[in-house]
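Data first, discussion second: the structure below is written as structure tokens.
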Amino acid sequence: MVACLSYTPDPLPRTNPFPCSRLQFGSQEALLSLNKCTNFKHIKQIYAKIIRHGLSHDQLLIRKLLRLCSSYGKMDFATLVFHQIQGPLTFTWNLMIRYYTINGCSQQALLLFNLMLSQGFPPDKFTFPFVIKACGAASTIDLGKVVHGLAIKTGFIGDMFVLNTLMDLYFKCRKVDCGCKVFEKMRVRSVVSWTTKISGLVSCGELDVARGVFEQMPTKNVVSWTALINGYVRNQPEEAFELFWRMNIDNVRPNEFTLVSLLKACTEMESLNLGRWVHDFAHKNGFKLGVFLGTALIDMYSKCGSLEDARRVFDKMQLKSLATWNSMITSLGVHGCGEEAISLFVEMERANVQPDAITFVGLLCACVQTNNLEEGQRLFKYMGEHYGITPIPEHLTCMIELYNRAGMLDEVCILENAMPSEPNDYILSALLRASKVYGLVNMEKFLYRHSGKVDSSAV
DNA sequence: TGCAGGGTCT
């Protein structure tokens with residue numbers, strides 16, 4: 001968390017180290033160069049040039065640079081650049097807070113806000129939504145309440161963006177009453193205010209209340225329709241489609257978000273025909289096969305039983321995200337195509353896509369499906385040694401299952417070292433299966449050591 | 001510079 005802020009870069013020159021340079025490189029040229037940047041190395045070169053030509057005081061230029069660093073996920077370099085600015089404007093502080101949150105560094109965002117205040121830089125109406133979002137991302141409702149108080153004290157609480165973000169924070173932290181209170185106190189409400197309340201209630205499990213709020217909404221747009229549709233996907237997928245038809249009658253055009261929700265509903269219903277209909281609808285209505293829609297289609301086809309269609313979508317996708325690769329690898333694995341799953345993983349590595357823990361869940365599941373202990377052991381080792389990925393319960397469940405099937409219960413016990421303090425139900429089930437089959441006394445002891453939930457009669 | 005809805009996991 002403190003990594004970015006405690007990062008101590010080599011000192012950079014604050015003045016032009018090449019005052020006699022004859023090169024013509026002003027702010028305009030620097031901006032043009034930044035606009036043409038295609039890789040991070042290029043950004044660093046331009047920054048060096050900015051320093052050399054004494055342009056580092058130009059905050060417009062620096063903000064552009066920070067935005068590029070953020071888009072490349074290079075927040076360590078952005079931190080270095082930011083701390084070279086003498087007297088950053090509130091605008092620039094705001095952007096840094098926002099970029100930290102976007103890049104998953106919400107703690108750094110909050111630390112930077114604290115630094116901003118302690119150095120006497122005044123927050124403005126833009127600062128608060130960014131900071132409140134950081135509180136939400138860091139799940140710190142207590143700090144969120146402090147920021148709420150500060151927004152009141154500084155007079156920015158009347159801003160609709162601040163109120164909408166606050167409401168969202170309270171709902172995301174399951175403080176339904178506080179979220180509703182913010183909504184009630186709003187003098188003016190936008191479609192975003194209403195939609196924030198609807199989606200907030202839907203995550204808090206208050207679907208009926210959310211429906212009531214939706215019906216009261218003066219103006220509905222595609223986001224509000226999709227928020228409600230999404231609420232029905234898991235437990236009442238048919239109702240999600242009913243709402244979709246109603247939305248069409250109301251002449252609200254669905255977007256990619258809507259179709260992804262519908263595909264999830266198809267998956268819940270295990271309806272390949274309906275899934276094909278959504279795919280066809282997307283095609284006929286000119287939707288591009290983007291990463292979200294494409295990945296949702298792969299998942300739907302796979303879970304509805306058509307691995308061939310899933311693979312066809314995967315091959316057709318021009319742009320693939322990590323989730324896309326993971327979805328296809330998992331699909332191959334659960335359909336018993338273990339070798340193909342591993343081949344696709346090799347292809348993924350060749351494409352320079354960095355795998356994550358979920359990739360290895362898919363791969364290890366593929367090994368379980370095909371009873372391939374040797375490959376499972378190799379991948380489990382490779383995951384840690386090559387990628388530094390720490391095993392999560394899903395990996396351990398697969399490994400226990402593999403060792404269990406091979407009758408290697410001593411190996412199961414070795415996994416104890418990697419076991420979380422409170423193994424989840426999947427792990428306990430896998431261990432129980434192992435214990436039940438082989439009736440090992442040691443296993444019973446092991447289970448008792450890790451959970452008070454297990455009844456000895458079940459073993 | 002801003003606020004709402006989406007994909008991969010035993």
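Quick note on labels: first sequence line is chain A, next is B, and so on, each numbered from 1.
- The aromatic ring of A:W325 is not stacked on the base of B:dT8, since the criterion of ring centres less than 5.5 Å apart with planes inclined by under 30° is not met.
- In this model, the phosphate group of B:dG5 is not approached by any side-chain N or O of A:K264 to a distance below 4.0 Å at OP1 or OP2.
- When the nucleotides B:dT1, B:dG2, B:dC9 are ranked by their closest atom to the side chain of A:D299, B:dC9 comes out on top.
- Under a cutoff of 6.0 Å and an axis angle of 45°, A:R63 and A:F91 form a cation-pi pair.
- Among the heavy atoms of the strands, none lies under 4.0 Å from A:K197.
- Under the rule for a side chain to side chain contact (heavy atoms under 4.5 Å, CB included), the partners of A:S302 that lie at least two apart in sequence or sit in another chain are A:A310, A:S331, A:V334, A:H335.
- For a distance-only test at 3.5 Å, the side chain of A:N255 qualifies as a donor-acceptor partner of the base of B:dG5.
- Residue side chain A:F126 fails the stacking definition with respect to B:dG2, as its ring centre and the base's six-membered ring centre are not both under 5.5 angstrom apart and under 30 degrees in plane angle.
- Contact check of residues 267-288 of chain A against DNA chain B (heavy atom, cut-off under 4.0 Å) returns no residues at all.
- Note on A:R67: every side-chain N or O is 4.0 Å or more away from OP1 and OP2 of B:dT1.
- With no hydrogens or angles considered, no side-chain donor-acceptor pair links A:Y47 and A:Q84 at under 3.5 Å.
- Near DNA chain B, meaning a heavy atom under 4.0 Å from it, residues 369-378 of chain A has no residue at all.
- Heavy-atom distances under 4.0 Å link DNA chain B to A:N221, A:V222, A:V223, A:T226, A:N230 of residues 206-230 of chain A, given in residue order.
- Nearest to the side chain of A:V260, among B:dC9, B:dG5, B:dG6, sits B:dG6.
- Contacts between residues 303-315 of chain A and DNA chain B, counted as heavy-atom distances below 4.0 Å, involve A:K303.
- Here A:T330 lies in heavy-atom contact (under 4.0 Å) with sugar-phosphate atoms only.
- Among the heavy atoms of the strands lying under 4.0 Å from A:E256 is at least one base atom, whether or not backbone atoms are also near.
- Residue pairs satisfying the salt bridge (charged side-chain N to carboxylate O under 4.0 Å, His left out) criterion with at least one member in residues 308-326 of chain A, sequence neighbours excluded, are listed as follows: A:R276-A:D309, A:D309-A:R312, A:R311-A:D315.
- Counting to the nearest Å, the P atom of B:dG2 and the CZ atom of A:F113 are 18 Å from each other.
- The distance between atom CG of A:L363 and atom P of B:dC9, rounded to the nearest whole Å, is 13 Å.
- Distance from the side chain of A:F292 is smallest for B:dG6 among the nucleotides B:dT8, B:dG6, B:dT10.
- In the interface, the side chain of A:T397 is paired with the base of B:dT10 through a donor and an acceptor atom under 3.5 Å apart.
- Note on A:T324: a base of the nucleic acid sits closer than 4.0 angstrom, heavy atoms only.
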Quiz: residues 143-151 of chain A side-chain donor-acceptor pairs under 3.5 angstrom, not counting sequence neighbours:
| residue | atom | partner | partner atom | Å |
| --- | --- | --- | --- | --- |
| A:H148 | ND1 | A:Y170 | OH | 2.7 |

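- In this structure, of B:dA4, B:dT1, B:dT8, it is B:dT8 that holds the atom nearest to the side chain of A:N326.
- Between A:I358 atom CD1 and B:dT8 atom C1' the separation is 6 Å, expressed in whole Å.
- Judged by distance alone, the side chains of A:Y232 and A:E268 never bring a donor and an acceptor atom under 3.5 Å apart.
- A:Q107 and A:A138 get closest at one heavy-atom pair: NE2-CB, 3.8 Å.
- Nearest to the side-chain atoms of A:C365 among the listed nucleotides B:dT10, B:dT8, B:dG5 stands B:dT10.
- Across residues 175-194 of chain A, A:V192 each have a non-hydrogen atom less than 4.0 Å from an atom of DNA chain B (numbered order).
- Contact annotation: A:K64 does not reach the phosphate of B:dT1 (side-chain N/O to OP1 or OP2, under 4.0 Å).
- Annotation: side-chain hydrogen bond (donor to acceptor under 3.5 Å, both in side chains) contacts of A:S27 (sequence neighbours excluded): A:D58.
- For A:V361, taking side-chain heavy atoms from C-beta onward, the closest of the listed nucleotides B:dC3, B:dG6, B:dT10 is B:dT10.
- The OH-P distance, from A:Y232 to B:dG5, rounds to 18 Å in whole Å.
- Counting to the nearest Å, the C1' atom of B:dC9 and the CD1 atom of A:I392 are 7 Å from each other.
- At a threshold of 4.0 angstrom between heavy atoms, the contacts of A:V291 include nucleobase atoms, whether or not backbone atoms are also involved.
- For the atom pair CG of A:L61 and CG of A:L34, the computed distance is 6.0 Å after rounding to the nearest 0.5 Å.
- With hydrogens and angles left out, the side-chain atoms of A:T359 and A:D356 include a donor and acceptor closer than 3.5 Å.
- Judged by the 6.0 Å distance and 45° axis criteria, A:K220 is positioned over the aromatic ring of A:F214.
- Separating the CZ atom of A:R98 from the P atom of B:dG2 is a distance of 5 Å, rounded to the nearest angstrom.
- Remark: the A:N164 side chain and the A:T196 side chain contain no N/O donor-acceptor pair separated by less than 3.5 Å.
- By the ring pair (Phe, Tyr, Trp, His ring centres under 6.0 Å) test, A:F126 pairs with no residue at all, sequence neighbours left out.
- Aromatic rings from A:W225 and A:F244 are positioned such that their centres are separated by 6.0 Å or more.
- In this structure, A:H386 and A:Y382 have parallel ring planes: the angle between them is below the 30° cut-off, well short of the 60° mark.
- With hydrogens and angles left out, the side-chain atoms of A:N230 and A:S261 include a donor and acceptor closer than 3.5 Å.
- For the pair A:F171 CZ and B:dG5 P, the interatomic distance rounds to 12 Å; values are reported in whole Å.
- Counting to the nearest Å, the C1' atom of B:dC3 and the CD1 atom of A:I157 are 13 Å from each other.
- Counting only residues at least two apart or on different chains, the side chain to side chain donor-acceptor pair (under 3.5 Å) pairs with a member in residues 284-299 of chain A are A:D280-A:K284, A:T295-A:T324, A:D299-A:K303.
- Taking every side-chain heavy atom of A:C398 into account, B:dT10 is the closest of B:dT10, B:dT1, B:dA4.
- Judged as a ring-ring contact (aromatic ring centres under 6.0 Å, His included), the pairs with a partner in residues 346-376 of chain A (not counting sequence neighbours) are, in order, A:F345-A:F360.
- One distance of note links OG1 of A:T79 with OH of A:Y100; it measures 2.5 Å at 0.5 Å rounding.
- Nucleic acid contact class of A:F130 (heavy atoms, under 4.0 Å, all strands): base.
- Comparing atom distances between the A:K133 side chain and each of B:dA4, B:dG2, B:dT8 picks out B:dA4 as nearest.
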